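This structure is a prediction, so every number in the text was calculated from the model and none was measured. Note on naming: letters A, B, ... go to the chains in the order of the sequence lines (proteins, then strands), and numbering restarts at 1 for each one.
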Amino acid sequence: MLALPAAGLVTTAVAAGCSTALPTSAIKPPANLPSARTAARTETELIARYDAAIASHPGLAGLLTGLRAHHTQHLAALVALVPALSTAGPSAAATRAVATGAARPPGATAPPADDSPAARASALAALAAAERTAAGAHRAISLTTTTELAPLLASLYAAESCHADLLGLGAAG
Amino acid sequence: MVATSRPTVQAVTAAPLSPLGVTALSTLLAVEHAAVYGTSAAGGALAPLGAPAADARALAYAAYAAHLRLRDQLTALLLAAGAQPPAALPAYTLPISPGTVHGALTLLAELDDRSAAAAYAAVAAVGGGTRELVADTLSQAAVRAQRARLTAGTSPPTAATAFPGRP
């Protein structure tokens, strides 16, 4: 899976006529690409969850739109740090689509579902649980990844922990 | 039981520290000394304010306990690595006066934001169990700062920050 983007980059580099004195980083995928890709996937999935929740519960849009915006910023920060994310790998298209706001989850056009207070509370609780899971995933990566990526992942761990806390308070009323 | 004057490290295996790691943890410890002082001042200022200050008092106490624990853990880590941990100053200038409930909550948020920033800066400088401590510090400080902002009346999406700790 990693070989494909590497081969693609080499081909591009050779075709551009710079086959000599290429920095190694331009040929090999960066060491932190798998970590960054996992983190980007986590963010993309969270954004899809927010889109579905906002579509079902318009009354929660004020809160949820603000938190969703953090996740698009997280994705953009990952791409800024590991540019190979946006040019390589199967999730690149999805990452780009979400980052530019082009992605629309299937549920977004469906008529609003049960928007009762109880349904809203359970939607907030479900999002809180998803944020907590994401926080744990980011934490795990931050402990083992490169020194370049670790601070950002630790910050994303903190951000998702904050979101989980906020949503948990909202779900409790 | 033999009494020991040195704080013990809880759940953190003392890993070898690089010079960068020593500097980063020392900076974080200096921030924690100030946070222990500041959260204690906030708690003291809130003590006579009665029932309306109850939530803020609970936050101040929780923050004080957390910063005290972290101060001891960092001191023990630095001693174990053969470094000289920075001592607390006799007093600190508080960035915000805790004389009102709102002021105390704003001070608590500010102290935890500073703690989160110092933890963020230390992440890349340490590894192993020490990085775990630093990453958890960043997350817990960010959550406490957010709770303080919420309790101070900041609207929920504004109380959350996209990149806690990041400059």
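Side chain of A/Arg139 to main chain of B/Ala135: no donor-acceptor pair is present (N/O by atom type, distance under 3.5 Å, no hydrogens or angles).
Contacts between residues 145-160 of chain B and chain A, defined by a heavy-atom separation under 4.5 Å, are made by B/Gln146, B/Arg147, B/Leu150, B/Pro156, B/Pro157, B/Ala160. Within residues 89-97 of chain B, no residue has a heavy atom under 4.5 Å from a heavy atom of chain A.
When the candidates B/Gly165, B/Pro164, B/Ala142 are compared by the number of heavy-atom contacts under 4.5 Å with chain A, B/Pro164 comes out ahead. By number of non-hydrogen pairs under 4.5 angstrom with chain B, the leading residue of A/Leu63, A/Leu166, A/Leu152 is A/Leu166. Note on A/Leu67, A/Thr65, A/Leu153, A/Leu169: by heavy-atom pairs under 4.5 Å with chain B, the leading option is A/Leu169. Ranked by heavy-atom pairs under 4.5 Å with chain B, the list A/Ala150, A/Pro151, A/Ser161 is led by A/Pro151. Listed options A/Gly66, A/Ala154, A/Gly170 were ranked by heavy-atom pairs under 4.5 angstrom with chain B; first place goes to A/Ala154.
For residues 94-129 of chain B, no pair satisfies ring pair (Phe, Tyr, Trp, His ring centres under 6.0 Å), with sequence neighbours left out.
Taking NE2 of A/His70 as the start and OG1 of B/Thr161 as the end, the distance is 6.5 Å to the nearest 0.5 Å. Atom CG of A/Leu156 is separated from atom OG of B/Ser139 by 11.5 Å, given to the nearest 0.5 angstrom.
Hydrophobic clustering, with ILVMFWY side chains joined whenever heavy atoms are under 4.5 angstrom apart, groups B/Leu133 together with B/Leu29. Both B/Val126 and B/Leu77 sit in one connected hydrophobic cluster of ILVMFWY residues. Membership requires side-chain heavy atoms under 4.5 Å apart, directly or through other members. If you chain together hydrophobic residues whose side chains sit under 4.5 Å apart, B/Leu74 and B/Val22 fall into the same group. A single hydrophobic cluster is not seen to contain both B/Leu111 and B/Leu70; linkage of ILVMFWY side chains at heavy-atom distances under 4.5 Å, directly or through other members, places them apart. In the hydrophobic clustering of this structure, A/Leu127 does not group with A/Ile47; members are Ile, Leu, Val, Met, Phe, Trp, Tyr whose side-chain heavy atoms approach within less than 4.5 Å, directly or through other members.
If you look at B/Phe163 and A/His74, their ring centroids are closer than 6.0 Å.
For B/Tyr64, the OH atom sits in a loose shell: 12 or fewer heavy atoms of surrounding residues, nucleotides or ligands are nearer than 6.0 Å.
Other members of the cluster containing A/Leu143 do not exist, because no ILVMFWY side chain is joined to it at under 4.5 Å.
A heavy-atom distance below 4.5 Å is found between the side chains of A/Thr147 and B/Arg131.
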